[in-house]
Asks: 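Dropping a structure here in structure tokens format, bear with me for questions.
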Amino acid sequence: MTSALNRICSSYRTHIWRSLLRCQEPLEKWSHLGTCSPAADFHSSSVAPAGHNKWSKVKHIKGPKDEARARLFAKLSVMIRAVVKEGGPNPDSNFHLSQLIEQCRQRNMPKSSIETAIKGADKAKPATYALYEGRGPGGSSFLIEALTDNNKRSYSDLKLIMGKNGGSMCDGARHCFDKKGVVMVQTKDREGNPVQLERALELAIEAGAEDVQETEDDEENDVYRYICDVPSLHDVRSNLVSLGLVPISSGLEFLPNIKINLSDTDMESASQLLELINNQPDVMRVYDNIE
């Protein structure tokens, strides 16, 4: 078990917010890193926009909204406590906390709940970042990001959930994903004018992004996702702002480099499994490679 955990779980506190917080930027100072040239390879996305393909419609079927919201607020509270432990309770001096608070506000988390989470950081157990790999129904691949104070417990809980629902914890899923920088922006510019997809493609080239996708956010609002290599994330975000776009979030994500199609039966099973995994308290985010 220990060796398996060493392979599957990556615990590194200094990099904890790179992947978990979509609105965060990596912790390194970016001045010494190379930037993505405007002439870099660029392609428009051929992936069906989220909310318009079969899998996105199936996997977003949730239970009662109040229960889903309560789980979301609980996970955000965990993240707040962890980031306060890392950088202190003052958002003016703790950049990651200020960005996380903004994300909480965007999701309508009550101010009192945010304040309670900040004040409770001192009493919270130290949490580490863990990345688990798994296979789901129909040969699908999952990457599971967690904040946990006990890797063995979290791994065992997820292994049980996977095993009972057509999945398994195993090595190899990581190879189905590439780690990329992602900047999500509104489809209207700073002046409130709509940005057409053709113009969004032009701005991607100017900003140094590799790709742009027209998709939807969690509230089913139309958004653009600009994809770039990891070292270029900060520069691409800054360039998009200077070009008049309005960022919603930015951070590192695991994007599938190969997608698979599932039968209706496997798709339904995968949706149920995904919901069970997301309901596990330590789990912050799950990535899949389902078309």
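Just so you know, these numbers use all the heavy atoms, side chains as well, and skip hydrogens, waters and symmetry mates. All figures in this text were calculated on a predicted structure; none of them were measured in a lab.
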Asks: Does some side-chain heavy atom of Phe73 sit less than 4.5 Å from a side-chain heavy atom of Ser113?
Replies: no

Asks: According to a 4.5 Å side-chain heavy-atom criterion applied to Ile, Leu, Val, Met, Phe, Trp and Tyr, with indirect links allowed, do Leu160 and Leu273 form part of one hydrophobic cluster?
Replies: no

Asks: Determine yes or no for a side-chain-to-main-chain donor-acceptor pair under 3.5 angstrom, with Asn94 supplying the side chain and Asn90 the backbone.
Replies: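 Not at all, since once roles are kept as given, no pair shorter than 3.5 Å links the two residues.
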
Asks: Are Ser242 and Asn239 close enough that a side-chain donor and a side-chain acceptor fall under 3.5 Å?
Replies: no

Asks: If we check side chain to side chain contact (heavy atoms under 4.5 Å, CB included) with Cys176, which of these qualifies: Asp288, Leu143, Asn289, Leu255?
Replies: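 It is Asn289; the other options fail the test.
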
Asks: Got a second to check how far Leu243's CG is from Arg190's CZ, nearest 0.5 Å?
Replies: 9.0 Å

Asks: Mind checking whether Ser77 and Met109 have side chains closer than 4.5 Å, heavy atoms only?
Replies: yes

Asks: Going by salt bridge (Lys or Arg N to Asp or Glu O under 4.0 Å), name the residues that satisfy it together with Asp189, two or more places apart in sequence or in a different chain.
Replies: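 Here no residue qualifies.
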
Asks: If the plane angle is over 60° it's perpendicular, under 30° parallel, otherwise tilted; pick one for Tyr132 and Tyr155.
Replies: tilted

Asks: How about CD1 on Ile258, more than 12 heavy atoms from neighbouring residues, nucleotides or ligands closer than 6.0 Å, or not?
Replies: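 Open: at most 12 neighbouring heavy atoms sit under 6.0 Å from CD1 of Ile258.
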
Asks: Can you get from Val195 to Val246 by hopping between Ile, Leu, Val, Met, Phe, Trp and Tyr side chains that sit under 4.5 Å apart?
Replies: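 Result: no, two separate clusters.
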
Asks: Measure the spacing between OG of Ser263 and CD of Glu268 and express it to the nearest 0.5 Å.
Replies: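 Between Ser263 OG and Glu268 CD, I get 10.5 Å after rounding to 0.5 Å.
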
Asks: How about CZ on Arg153, more than 12 heavy atoms from neighbouring residues, nucleotides or ligands closer than 6.0 Å, or not?
Replies: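 Correct, the count exceeds 12.
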
Asks: Sequence neighbours left out, what passes salt bridge (Lys or Arg N to Asp or Glu O under 4.0 Å) with Lys180? Give chain and number order.
Replies: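 Applying salt bridge (Lys or Arg N to Asp or Glu O under 4.0 Å) to Lys180 gives Glu210.
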
Asks: Looking at Arg174, Arg135, Lys259, which hits side chain to side chain donor-acceptor pair (under 3.5 Å) with Ser141?
Replies: Arg135

Asks: Check whether any side-chain heavy atom of Gln186 lies under 4.5 Å from a side-chain heavy atom of Asn221, and answer yes or no.
Replies: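 No. Closest side-chain heavy atoms not under 4.5 Å.
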
Asks: Would you say Ser154's side chain and Asn150's backbone share a donor-acceptor pair under 3.5 angstrom?
Replies: yes

